[in-house]
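What follows is a short report on a single structure.
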Number of protein chains: 2
Amino acid sequence: MYKENNLSKNQQIIFDLINKSSEPLKAYTILFSVQKKGIKAPPQVYRALDKLVETGKIHKIESKNAFVACRSSDCEISKATAFSICESCEMVDEISDTKLSKYLSGFNHKKGMKFKRFNLEFFGICKKCKKD
Amino acid sequence: MYKENNLSKNQQIIFDLINKSSEPLKAYTILFSVQKKGIKAPPQVYRALDKLVETGKIHKIESKNAFVACRSSDCEISKATAFSICESCEMVDEISDTKLSKYLSGFNHKKGMKFKRFNLEFFGICKKCKKD
DNA sequence: TAAAATTTGTTATAATATAACACTATGTAA
DNA sequence: TTACATAGTGTTATATTATAACAAATTTTA
Ligand SMILES: [Zn+2]
Ligand SMILES: [Zn+2]
Ligand SMILES: [Zn+2]
Ligand SMILES: [Zn+2]
């Protein structure tokens, strides 16, 4: 049953929920949403989330403790992520910008540390919110 | 008493602690450390932290829920922050790189959103840990 | 001095995340 | 097929991080 798409039952349920959502979802929001499907306790949610993040299917928005589905197709291991976040409506949008990604992936720390991963979060007010 | 350096008593106590620390400090670690100075409850700590972040005296490392003193002198309101984080020893270092900062401050989202703030976290293994 | 704004102290509670353990399902290879 | 290793599940309890709400004191401004 598992190998079809390499997601386990709980992982698939939780991924589907996040993937359908237009906004970032929090762990306990997810928990309440999937209780009817038999997922009843926090560890079940967090374990699935951990795995999905690990494989790049979803990303964690660190400043919000919330999760979004990857929209970028080329971030298989969540090693180069960038997001735009509206401080008014909480909308989050994954930024897929090759130049930005290359610039940051090639960035070298003065102190000689070699980076293997980065996460960038931009904040502002989105177009839609500016109109209101 | 307050206006001398524009930090209140609790803010100063907590800033001093973070500023002396060589590693990021978590809110409850801070709480335990300052109980002898009369700060006894979480809200006292979080309020001081909020204010210190707001004024750019400290920054929050979002991926660690921990706080470091600003080492950059020119980030008065924490609006353009970048850090290097060692995944082995947990060391955090603020990156002050004018080019990087300018590049990101000038970055324009394809969808027309104007950014007023960003936070960037790089992850890797620091030099010291590589030797071990 | 009086009013406004900020800071403090305090109790309780909300929200986020993990430890630990027993068990089941799946993949691999003798 | 059997046996073993790996990954996933279900469950209870607990740890960690953060805020709400309210009363009092301090500082700033006018
Ligand atoms: Zn992605
Ligand atoms: Zn918005
Ligand atoms: Zn700084
Ligand atoms: Zn290190």
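As the structure is a prediction and not an experimental result, all values here were calculated from the model. First the proteins, then the strands, lettered A, B, ... as listed; each starts at 1.
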**Request:** Pick base, sugar-phosphate or nothing for B/Lys64, based on heavy-atom distances below 4.0 Å to the nucleic acid.
**Result:** nothing

Tell me which nucleotide among [options] gets nearest to the side chain of [X].
| X | options | result |
| --- | --- | --- |
| A/Pro43 | C/dT8, D/dT11, D/dA18 | D/dT11 |
| A/Arg47 | D/dA18, C/dA20, C/dT16 | C/dA20 |
| A/Lys40 | D/dT11, C/dT11, D/dA18 | D/dT11 |

Spacing between [X] atom [atom1] and [N] atom [atom2], to the nearest angstrom:
| X | N | atom1 | atom2 | value |
| --- | --- | --- | --- | --- |
| A/Asp50 | D/dT9 | CG | P | 12 Å |
| B/Leu7 | D/dT28 | CG | P | 13 Å |
| B/Gln11 | C/dT7 | CD | P | 5 Å |
| A/Leu49 | C/dA17 | CG | P | 9 Å |
| A/Ile30 | C/dA15 | CD1 | P | 16 Å |
| A/Glu62 | D/dT17 | CD | P | 13 Å |
| B/Ile61 | D/dT17 | CD1 | P | 15 Å |
| A/Gln12 | D/dG8 | CD | C1' | 14 Å |

Is there a side-chain polar atom (N or O) of [X] under 4.0 Å from OP1 or OP2 of [N]?
| X | N | value |
| --- | --- | --- |
| B/Tyr46 | D/dA18 | yes |
| B/Lys51 | C/dT7 | yes |
| B/Asn10 | C/dG9 | yes |
| B/Ser8 | C/dT8 | yes |
| B/Lys9 | C/dG9 | yes |
| A/Gln44 | D/dG10 | yes |
| A/Asn65 | D/dT17 | no |

Using 0.5 Å steps for rounding, measure from the [atom1] atom of [X] to the [atom2] atom of [Y].
| X | Y | atom1 | atom2 | value |
| --- | --- | --- | --- | --- |
| B/Cys89 | B/Ile125 | SG | CD1 | 8.0 Å |
| A/Leu104 | B/Phe107 | CG | CZ | 9.0 Å |
| A/Glu23 | A/Lys64 | CD | NZ | 9.0 Å |

**Message:** Surrounding NZ of B/Lys130 (heavy atoms of other residues, nucleotides or ligands, distance under 6.0 Å), is the total greater than 12?
**Reply:** yes

**Fill in**
Sorted by position of nearest nucleotide on DNA chain C, 5' first, the leading residue of A/Lys26 and B/Pro42 is B/Pro42

**Item:** B/Tyr28 over D/dT17, stacked by centroid distance under 5.5 Å, angle under 30°
**Value:**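 Whether judged by distance or by angle, B/Tyr28 passes, so it stacks on the base of D/dT17.
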
**Request:** Specify whether A/Phe32 and A/Tyr28 have parallel, tilted or perpendicular ring planes, treating 30° as the upper limit for parallel and 60° as the lower limit for perpendicular.
**Result:**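 Answer is perpendicular, since the angle exceeds 60°.
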
**Item:** Side chains of B/Ser84 and B/Asp93, donor plus acceptor under 3.5 Å
**Value:** no

